[in-house]
Amino acid sequence: MLPLTIAWLPLMACGVDAPSLEWVAPPHTQLLQPLPLLQAAQADGVQVRHAQLAAGDALVFGPALVHRTHVTPAMTRRRISVDLRFTDRPLPPRMRQERLLNLHA
């Protein structure tokens with residue numbers, strides 16, 4: 001796992017009528033795959049949380065936080081957000097083809 005600091009910034013209100021983020025609240029003792037996150041969490045009694053944020057708020061977290069988009073049928077607006085990832089390590093081969101801004105170049 002690449003040591004990253006991730007900053008997720010919505011550019012509009014989200015979590016009520018536009019999608020937000022949801023995550024597994026620590027502590028969790030097993031790795032949960034992203035797709036069956038809710039089902040695994042409910043079966044194991046793991047708490048899943050989601051954010052209601054205003055434009056300009058931020059969530060900052062590390063790479064081990066299991067997260068995904070939080071969306072419900074009531075959310076009828078699109079979400080616009082910025083996802084920033086920071087690391088001080090060389091990128092692994094699987095990420096070298098991604099369009100990233102290298103501030104150390």
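None of the values given here were measured: they were computed from a predicted structure. Every heavy atom of this structure was used, including side-chain atoms; hydrogens, water molecules and symmetry mates were not.
Annotation: side chain to side chain contact (heavy atoms under 4.5 Å, CB included) contacts of V16 (sequence neighbours excluded): Q52. The side chain to side chain contact (heavy atoms under 4.5 Å, CB included) search around A58 returns L9, not counting sequence neighbours. A search for side chain to side chain contact (heavy atoms under 4.5 Å, CB included) contacts involving R78 returns nothing, not counting sequence neighbours.
Of all non-hydrogen atoms in M75 and V71, the two that sit nearest each other are SD-CA, 3.5 Å. Residues A13 and A18 share a closest heavy-atom pair of O-CB, 3.7 Å. Taking both residues in full, the closest heavy atoms of P3 and R89 are given as CG-NH1, 3.4 Å, listed atom of the first, atom of the second, then distance. Heavy atoms only, all atoms of each residue included: R77 and P19 are closest at O-CD, 3.3 Å.
Shown here is R49, whose CZ atom has no more than 12 heavy atoms of other residues, nucleotides or ligands within 6.0 Å.
In this structure, L21 CG and C14 SG are separated by 7.0 Å, a value rounded to the nearest 0.5 Å. Taking CZ of F86 as the start and OG1 of T5 as the end, the distance is 8.0 Å to the nearest 0.5 Å. Rounded to the nearest 0.5 Å, atoms CG (L84) and CG (L4) are 11.5 Å apart.
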Given the rule in the side-chain contact (heavy atoms from CB on, under 4.5 Å) test, do T72 and H70 qualify, once you have shown the distances and angles that lead to the verdict? CA-CA 7 Å; T72 68; H70 170 71; 3.9 Å; yes
Run the numbers on L53 and M12 for side-chain contact (heavy atoms from CB on, under 4.5 Å), then give the verdict. CA-CA 8 Å; L53 302 170; M12 57 187 292; over 6 Å; no
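A continuous path of Ile, Leu, Val, Met, Phe, Trp and Tyr side chains, each step under 4.5 Å between heavy atoms, connects L65 with L59, placing both in one hydrophobic cluster. V60 and V82 end up in different hydrophobic clusters when Ile, Leu, Val, Met, Phe, Trp and Tyr side chains are linked at under 4.5 Å.
Ion pairing between E22 and R68 holds under the 4.0 Å rule for side-chain N and carboxylate O.
A donor-acceptor pair is defined here as one N or O able to donate and one able to accept, closer than 3.5 Å; no such pair exists between the side chain of S81 and the backbone of L11. The main-chain N or O of A51 is found under 3.5 Å from a side-chain atom of S20 such that the two form a donor-acceptor pair.
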